[in-house]
There are 2 protein chains.
Amino acid sequence: MKRGRKPTIDAADITRAAIAVADAEGLAAVSMARVAQEMGNATMALYRHVKSKDELLALMWDSAMEEPPPLPDGDWRDKLGFWAKAVLAAIRRRPWFLQIPISGPPSGPKNLAWLDSALTALEDVPLEPGEKIGVVMGLSTFVQGEARLIGTLAQGFEADPGRFNHQYGQRLREIVDPGAMPALAEIIEAGVFDLDDVVRAEDLGADFDFGLHLFLEGVAAHIKGRS
Amino acid sequence: MKRGRKPTIDAADITRAAIAVADAEGLAAVSMARVAQEMGNATMALYRHVKSKDELLALMWDSAMEEPPPLPDGDWRDKLGFWAKAVLAAIRRRPWFLQIPISGPPSGPKNLAWLDSALTALEDVPLEPGEKIGVVMGLSTFVQGEARLIGTLAQGFEADPGRFNHQYGQRLREIVDPGAMPALAEIIEAGVFDLDDVVRAEDLGADFDFGLHLFLEGVAAHIKGRS
DNA sequence: CCGATTTAGCGTATGGGATACGCATAAAAG
DNA sequence: CTTTTATGCGTATCCCATACGCTAAATCGG
């Protein structure tokens with residue numbers, strides 16, 4: 001038998017509690033003291049199971065992601081597009097996920113499962129293994145970047161609604177000197193930035209879809225140019 | 001005349017000093033006390049010119065980016081590819097740029113100049129204004145995400161070299177159950193993750209180039225499908 | 001059953017950080 | 001020279017992460 005007092009909590013419990021706090025009040029609310037209180041323990045008790053707060057964050061990062069959903073029927077493009085949207089949705093459900101300072105390449109089971117899912121989508125595609133990874137990495141980078149953007153803007157919007165409502169285009173018109181930046185001025189004049197309603201879900205979602213479309217189009221072109 | 005004591009410093013000075021600290025010792029070293037010390041002032045003096053540390057970070061974000069370089073000759077693809085690499089290089093020169101929690105859409109002059117530069121690259125391309133913005137946003141998202149990835153891994157690498165050296169593939173082999181994740185296992189077996197030398201510049205640079213290639217390919221396909 | 005050993009829980013203390021508050025001081029106005 | 005106003009900044013508060021060492025529980029060898 002193992003000697004010594006029996007542990008009453010373990011790292012997984014701590015991680016769970018920390019995630020609960022982050023879900024409820026954001027990542028900023030996750031302090032060792034707050035998590036300990038959540039569990040009914042003393043702050044320093046946590047350090048028996050977790051070396052540092054950074055390690056706790058890494059653990060949270062590993063277990064935050066949910067299971068990837070099963071891929072739909074269809075060709076690789078349907079599947080990969082679905083995958084990208086699923087990633088976005090999963091991240092949106094845990095907005096603090098992207099705020100964790102990442103520590104290295106994925107090794108948690110959930111993250112690997114997502115990777116496997118994306119590679120499964122490319123199963124029947126005639127690409128080299130290295131190319132497949134490149135495709136998935138690139139797509140993943142895009143999705144995470146977009147998720148970050150959406151999360152940030154949504155957050156800034158909540159903090160001060162009305163700041164974006166159609167004032168952004170106006171503000172740009174004031175700042176931008178058409179002589180110095182003609183290309184930008186032209187686009188501004190076209191009214192692209194005059195979002196008169198919400199910057200929220202619709203427009204940003206459309207941006208995401210368009211970027212995704214471009215990327216998948218590129219993958220298709222690459223495949224075609226290859227065979 | 002303006003009444004009251006004359007200010008000896010202003011927000012721009014503070015921002016400059018903060019950037020100097022970040023350049024030299026990283027964003028984590030930027031505290032109000034540290035910046036004040038750098039300027040030979042007392043900590044609380046800064047608060048006369050900057051509402052909060054968050055505001056200081058926003059100011060840093062606005063002035064961190066350098067001027068965009070002039071675009072090369074060539075077609076839109078050369079120009080946009082050059083632009084993307086220039087963005088990456090600029091960010092790599094200030095790794096802390098991406099660590100700043102962003103606050104909203106770009107409004108600083110430098111950031112707008114980069115946007116203008118990208119739109120200039122698309123000048124002669126037959127796309128709607130909204131589509132151009134979509135292209136630039138998507139590309140920008142990709143580049144920033146990739147830059148973040150590279151920065152993070154490089155940082156983790158410095159912290160513990162040898163951890164990645166060809167052990168990553170090995171570790172994955174141990175973790176991944178080929179029965180549960182066949183697609184991933186296949187790629188692992190192909191040796192894609194057995195980076196025997198450095199995870200650094202070369203491989204990551206290649207990933208970046210490939211992703212960029214895919215995206216630009218997608219833009220080209222979209223243009224073609226449009227006209 | 002008893003002391004030795006090992007390990008978990010945790011109280012206390014330290015050092016840092018952001019920032020509210022108010023005082024003293026400098027500069028212009030009258 | 002006095003009043004007004006804005007600046008520089010000392011002090012103090014509150015929140016964090018975390019090192020250290022004590023105490024208590026559980027097992028082991030006798």
Side-chain angles (χ1 to χ4, degrees), chain A residues 1-61 96 99-103 155-156 159, chain B residues 1-61 96 99-103 155-156 159:
Chain A
M1 261 289 188
K2 278 232 196 81
R3 282 160 82 110
R5 190 171 175 171
K6 274 182 190 147
T8 60
I9 55 176
D10 64 5
D13 294 328
I14 298 174
T15 306
R16 238 189 315 279
I19 287 180
V21 172
D23 280 344
E25 300 167 48
L27 193 64
V30 176
S31 72
M32 299 305 272
R34 182 74 181 69
V35 172
Q37 169 192 319
E38 195 76 8
M39 309 176 62
N41 283 79
T43 306
M44 293 311 293
L46 307 191
Y47 282 93
R48 287 283 176 206
H49 309 279
V50 152
K51 261 200 293 296
S52 66
K53 186 180 178 178
D54 279 351
E55 187 179 301
L56 174 57
L57 289 176
L59 289 173
M60 289 173 72
W61 191 77
W96 48 266
Q99 294 176 30
I100 295 184
I102 3 170
S103 31
Q155 179 186 327
Chain B
M1 259 290 186
K2 272 219 203 95
R3 282 161 85 113
R5 187 171 176 172
K6 275 184 187 147
T8 59
I9 54 177
D10 64 5
D13 294 327
I14 297 174
T15 307
R16 237 189 315 280
I19 287 181
V21 172
D23 281 344
E25 301 166 47
L27 193 64
V30 176
S31 71
M32 299 305 271
R34 181 76 181 67
V35 172
Q37 169 192 319
E38 195 76 7
M39 308 175 63
N41 285 76
T43 306
M44 291 313 291
L46 307 192
Y47 282 93
R48 287 283 177 210
H49 309 277
V50 151
K51 258 199 298 295
S52 66
K53 185 179 178 180
D54 279 351
E55 187 178 302
L56 174 55
L57 289 176
L59 289 172
M60 290 174 70
W61 191 77
W96 48 266
Q99 294 174 31
I100 295 184
I102 4 171
S103 31
Q155 179 186 325

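Since this is a predicted model, take the numbers as computed values, not measurements.
- The CE-P distance, from Met32(A) to dT14(C), rounds to 21 Å in whole Å.
- Remark: P of dG9(C) and CD of Gln37(A) are 18 Å apart, rounded to the nearest angstrom.
- Between Asp13(A) atom CG and dA8(C) atom C1' the separation is 14 Å, expressed in whole Å.
- For Met39(B) and dC9(D), the CE to P distance is 10 Å, given to the nearest whole Å.
- Atom CD1 in Ile9(B) sits roughly 11 Å away from atom C1' in dC9(D) (whole-Å rounding).
- At a threshold of 4.5 Å between non-hydrogen side-chain atoms, the residues Arg16(B) and Met39(B) do not count as touching.
- With rounding to whole Å, Arg5(B) atom CZ is found 12 Å from dT5(D) atom C1'.
- The stretch residues 41-54 of chain A touches DNA chain C through Asn41(A), Ala42(A), Met44(A), Ala45(A), Arg48(A), His49(A), each having a heavy atom under 4.0 angstrom from the strand.
- Taking 4.5 Å as the limit, every side-chain heavy atom of Ile9(A) sits out of range of all side-chain heavy atoms of Arg48(A).
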So which protein nitrogen or oxygen atoms get under 3.5 Å of nucleotides 3-5 of chain C's nitrogens or oxygens?
{"from": "dT5(C)", "atom 1": "O4'", "to": "Arg3(A)", "atom 2": "NH2", "distance (Å)": "3.1"}

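- Heavy atoms only, all atoms of each residue included: Ala29(B) and Val21(B) are closest at O-CG1, 3.7 Å.
- In this structure a side-chain-to-backbone donor-acceptor pair under 3.5 Å is present from Lys53(A) to Val30(A).
- Checking the phosphate oxygens (OP1, OP2) of dA28(C), a side-chain nitrogen or oxygen of Lys6(B) falls inside 4.0 Å.
- Rounded to whole Å, atom P of dT7(D) lies 11 Å from atom CD1 of Ile14(B).
- Considering only heavy atoms from C-beta on, Leu27(A) comes within 4.5 Å of Met60(A) through its side chain.
- Taking atom NZ of Lys2(B) as the reference point, atom P of dT7(D) lies 9 Å away to the nearest angstrom.
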